Structures are given as structure tokens and as C-alpha cells.
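Letters A, B, ... are given to chains in the order of the sequence lines, protein chains preceding strands, and every chain is numbered from 1. Note that the structure is a prediction, hence the values are computed from the model and not measured.
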Protein chains: 2
Amino acid sequence: MKKEINPDTSSLKLTTARKAILEILHHSKHPLSYEDIKNSLLMDKATFYRNIAKFEEEGLIDSFESSDKKRYFELRKSPHAHFICKVCQKIECMNLPCTFEMEAYTIENVIIKGKCPHCR
Amino acid sequence: MKKEINPDTSSLKLTTARKAILEILHHSKHPLSYEDIKNSLLMDKATFYRNIAKFEEEGLIDSFESSDKKRYFELRKSPHAHFICKVCQKIECMNLPCTFEMEAYTIENVIIKGKCPHCR
DNA sequence: GACTTAATTGCGACTGAGTTGCACAAAATT
DNA sequence: AATTTTGTGCAACTCAGTCGCAATTAAGTC
Ligand SMILES: [Mn+2]
Ligand SMILES: [Mn+2]
Ligand SMILES: [Zn+2]
Ligand SMILES: [Zn+2]
């Protein structure tokens with residue numbers, strides 16, 4: 001029997017490396033960078049980034065760049081904005097709907113930067 | 001007579017390099033990266049980035065990172081969000097107020113990513 | 001104007017997150 | 001089992017941005 005991550009749409013094999021990445025993202029309350037998790041990973045960083053790219057193509061995860069020049073990854077869930085503190089760099093998932101009146105645009109990602117309650 | 005960029009708060013000398021950067025930013029309708037303007041600049045890129053850092057300390061300009069891993073700069077004006085198209089990478093200043101209910105947070109920057117009217 | 005000095009600059013070397021080429025390994029297909 | 005496709009480790013690479021340092025320049029004082 002073929003083991004796949006998303007049998008309906010995907011042709012990705014469910015490898016040890018992929019399971020490890022998805023497992024870690026699954027257990028995190030906020031987006032993570034490669035730096036954040038490299039010590040928990042046995043795979044090479046090229047493998048990590050290549051799998052991240054595949055996951056993103058499949059719509060399994062989302063990512064964005066922070067002000068620290070790193071990319072942050074999380075499993076795709078219901079759309080929500082992210083807050084990045086410019087002082088402590090902490091990233092938080094914000095569960096406010098924040099609708100914009102931008103008819104002609106497709107919004108995929110909202111990032112709010114500023115100072116968190118601790119840092120201001 | 002002392003020539004300063006912002007006589008009240010700044011100790012920055014008004015050099016040719018600084019005038020050139022501010023002049024270019026002043027005439028742009030949207031944020032620019034170093035890449036965007038390097039051909040119009042005579043200064044070294046180290047000089048450019050060092051001056052950008054000073055301007056930012058002084059609150060003269062704002063910046064943010066796009067998905068293309070470049071930083072974009074613009075003169076500080078009335079607060080507004082930016083839209084970045086994930087397909088064509090075009091950056092637009094959005095003049096919608098978009099208020100969030102985030103009492104304890106200080107919002108300095110809002111970036112919306114998605115697909116622009118042309119690309120979706 | 002000429003003199004002084006701290007701020008600014010150009011240059012080249014460096015950094016570090018992310019990417020790529022390639023040969024080898026593991027699945028899947030026949 | 002042989003072939004084809006997909007995934008992996010390793011090392012080399014890319015490229016926006018940074019840094020150390022010696023040379024230059026803006027601005028204050030005479
Ligand atoms: Mn989130
Ligand atoms: Mn703007
Ligand atoms: Zn903070
Ligand atoms: Zn577009």
C-alpha cells in the first residue's frame with residue numbers, strides 16, 4: 001500500500017524526514033524557523049528546505065519572512081494574522097479576523113509588526 | 001550655519017550621499033530596495049545601508065522585508081499598510097486605515113501579502 | 001579663508017540564511 | 001530483479017546585507 005501525505009492530491013512520499021518536520025510543526029503554537037528546530041532534526045538543511053518547499057506547493061504549510069531575515073513556517077490552519085515584535089522578535093498568531101476592503105485583491109497573509117506588551 | 005537633516009533631533013551631517021538617497025525616496029510613490037535604485041546611486045552599498053540605518057534610527061524612514069528577501073525603504077509618512085503581490089512582487093501603499101483591536105500592542109507596520117488584481 | 005576633529009565614505013573581506021549540482025539511496029513501477 | 005522515479009547528504013555556491021579600516025569630508029572654531 002502506498003503511503004502518502006495527502007493521497008488525494010499529493011505524490012509526496014511520507015518519509016522519516018517529512019514526518020519529523022510535520023510532527024514538530026504540529027506541536028508548535030507559533031511559526032518556527034529552521035534555526036529554531038535544527039537541533040531537533042537529524043536531516044540535512046537542504047533536505048529540510050526542499051521538503052518545506054514541497055509542503056508549501058501542496059498547501060500543507062504557510063510561511064513568511066520576519067525582520068530577522070529568517071523564514072517562519074507553520075501548518076496551514078484557518079487564516080489568521082501574525083504579530084512580530086520588533087524588539088524581542090517574538091511571533092504570535094493573532095486570532096482576530098481583521099477584514100480589509102480590498103475587493104480586487106486576494107489576501108493570503110497578514111503580518112503586523114510593532115512592540116508586544118512586554119517590550120513597549 | 002549648520003546644515004542638518006533634522007535640526008531639532010538629528011546630528012546627521014547633510015552629505016551628498018544622504019541627499020541623494022532622500023531625494024530618490026522623496027520622488028517615489030512606493031517603497032524601494034537597494035537593488036531598485038543602485039544604478040541611480042554613486043555611493044557604495046555599505047554607505048547606502050549605513051545611511052539607511054541612521055535614517056531609521058532618526059525615524060526619517062520606514063522599512064520592511066518582502067518575500068523576495070530584500071528590504072524596502074520609504075520616507076515615513078502617515079501610517080498605512082503595504083500590499084505585496086506574491087506573484088509579481090509589486091508593492092503598493094494601501095490607504096485604508098485597518099484598525100485592529102490590540103490594546104496592549106503598539107502597531108508600527110502592517111504588511112498584507114496575496115495576489116494583486118493583475119495576477120489573480 | 002585655514003585649522004581641527006569627529007563623522008562619513010569606499011573598498012574588500014566577510015556573514016549567514018537559503019539554494020543547487022551531483023552521486024548515492026530508497027521507493028515505487030514494470 | 002531490473003528499471004524508473006523520488007528523496008537524501010554533502011559540499012559548493014549565491015546574494016543581500018554587514019564590518020574593519022584607512023582615507024576623505026562636513027561643520028565648528030578661529
Ligand atoms: Mn499562526
Ligand atoms: Mn508606503
Ligand atoms: Zn517583544
Ligand atoms: Zn501581481
Side-chain angles (χ1 to χ4, degrees), chain A residues 1-7 9-23 25 31-58 60-74 84 86 89 91, chain B residues 1-24 31-58 60-73 84 86 89 91:
Chain A
M1 177 205 168
K2 202 167 69 164
K3 293 209 172 173
E4 282 174 351
I5 284 173
N6 184 353
T9 60
S10 167
S11 61
L12 295 187
K13 294 177 194 171
L14 188 53
T15 63
T16 314
R18 288 178 182 156
K19 268 186 262 190
I21 298 172
L22 293 174
E23 192 66 14
L25 293 183
L32 299 170
S33 69
Y34 172 67
E35 183 75 15
D36 289 335
I37 58 181
K38 64 175 177 187
N39 294 330
S40 323
L41 294 175
L42 297 173
M43 76 199 72
D44 189 75
K45 69 174 170 174
T47 302
F48 174 83
Y49 282 115
R50 280 188 283 231
N51 282 327
I52 285 288
K54 295 275 189 184
F55 291 158
E56 229 168 344
E57 282 168 27
E58 299 284 330
L60 259 172
I61 68 169
D62 289 307
S63 78
F64 57 89
E65 344 277 310
S66 176
S67 343
D68 61 6
K69 281 160 208 138
K70 293 181 199 156
R71 261 174 82 208
Y72 285 79
F73 314 100
E74 72 178 350
I84 303 176
K86 284 185 176 177
Q89 300 294 334
I91 296 176
Chain B
M1 176 205 168
K2 198 166 73 163
K3 293 207 173 172
E4 284 174 350
I5 285 171
N6 183 352
D8 291 339
T9 60
S10 168
S11 61
L12 296 187
K13 292 180 189 172
L14 187 55
T15 63
T16 315
R18 288 179 181 153
K19 269 186 263 189
I21 298 172
L22 294 174
E23 190 68 15
I24 288 175
L32 299 170
S33 68
Y34 172 66
E35 183 75 17
D36 289 334
I37 58 181
K38 65 176 178 185
N39 293 330
S40 324
L41 295 174
L42 297 174
M43 76 200 70
D44 188 74
K45 71 174 169 173
T47 301
F48 174 82
Y49 283 115
R50 279 188 285 232
N51 282 328
I52 285 289
K54 295 274 189 185
F55 290 159
E56 226 166 346
E57 282 168 30
E58 299 284 330
L60 259 172
I61 68 169
D62 289 307
S63 78
F64 58 89
E65 344 277 312
S66 177
S67 344
D68 61 4
K69 281 160 208 138
K70 293 181 200 157
R71 262 174 81 209
Y72 284 79
F73 314 99
I84 303 177
K86 284 186 176 178
Q89 301 292 336
I91 296 176

Item to check | Sequence neighbours excluded - salt bridge (charged side-chain N to carboxylate O under 4.0 Å, His left out) pairs with any residue from residues 36-54 of chain A | outcome: A:Glu35-A:Lys38

Checklist entry - Within a strict 4.5 Å, meaning less than it, do heavy atoms of the A:Phe48 and A:Ile37 side chains meet? => result yes

Item to check | Beyond-backbone contact of A:Ser63 with A:Ile52, side-chain heavy atoms, under 4.5 angstrom | outcome: no

Between atom [atom1] in [X] and atom [atom2] in [N], what is the gap in whole Å?
{"X": "B:Leu41", "N": "D:dG17", "atom1": "CG", "atom2": "P", "result": "13 Å"}
{"X": "A:Asn51", "N": "C:dA26", "atom1": "CG", "atom2": "P", "result": "16 Å"}
{"X": "B:Ile52", "N": "D:dG17", "atom1": "CD1", "atom2": "P", "result": "10 Å"}
{"X": "B:Phe48", "N": "D:dG17", "atom1": "CZ", "atom2": "C1'", "result": "11 Å"}
{"X": "B:Glu58", "N": "C:dT8", "atom1": "CD", "atom2": "C1'", "result": "15 Å"}
{"X": "A:Ile21", "N": "D:dG7", "atom1": "CD1", "atom2": "P", "result": "12 Å"}

Next on the checklist: For B:Glu65, give me all partners under salt bridge (Lys or Arg N to Asp or Glu O under 4.0 Å), at least two apart in sequence or on another chain.
Outcome noted: none

Checklist entry - Once you build an axis from the first five pairs and another from the last five of the helix from C:dG1-D:dC30 to C:dT30-D:dA1, how far apart in angle are they, to 10 degrees? => result 30°

Next on the checklist: Applying side-chain contact (heavy atoms from CB on, under 4.5 Å), can you list everything that pairs with B:Ala17, at least two apart in sequence or on another chain?
Outcome noted: B:Thr15, B:Met43, B:Thr47, B:Asn51

Checklist outcome for this item: Contacts of B:Asp68 meeting side-chain contact (heavy atoms from CB on, under 4.5 Å) (sequence neighbours excluded), chain-then-number -> B:Ser66, B:Lys70, B:Tyr72, B:Gln89

Checklist entry - Could B:Glu23 and B:Arg18 be called an ion pair, given the rule that one side-chain N must be under 4.0 Å from one carboxylate O? => result no

Next on the checklist: I'd like to compare against my own output: the B/S/- annotation of nucleotides 17-23 of chain C with a strict under-4.0 Å heavy-atom distance to protein.
Outcome noted: SBBBBB-

Item to check | Separation between CD1 of A:Ile61 and CD1 of A:Ile21, rounded to the nearest 0.5 Å | outcome: 8.0 Å

Checklist outcome for this item: Winner on side-chain proximity to A:Met43, out of C:dA6, D:dG9, C:dT9, is D:dG9

Checklist entry - Which of the following nucleotides, C:dT9, D:dT25, D:dT8, is nearest to the side chain of B:Arg18? => result C:dT9

Next on the checklist: Parallel, tilted or perpendicular, judged at 30° and 60°: which one describes the rings of A:Tyr49 and A:Phe73?
Outcome noted: perpendicular

Next on the checklist: Taking only side-chain N and O atoms of A:Thr15, does any of them lie within less than 4.0 angstrom of OP1 or OP2 on C:dA26?
Outcome noted: no

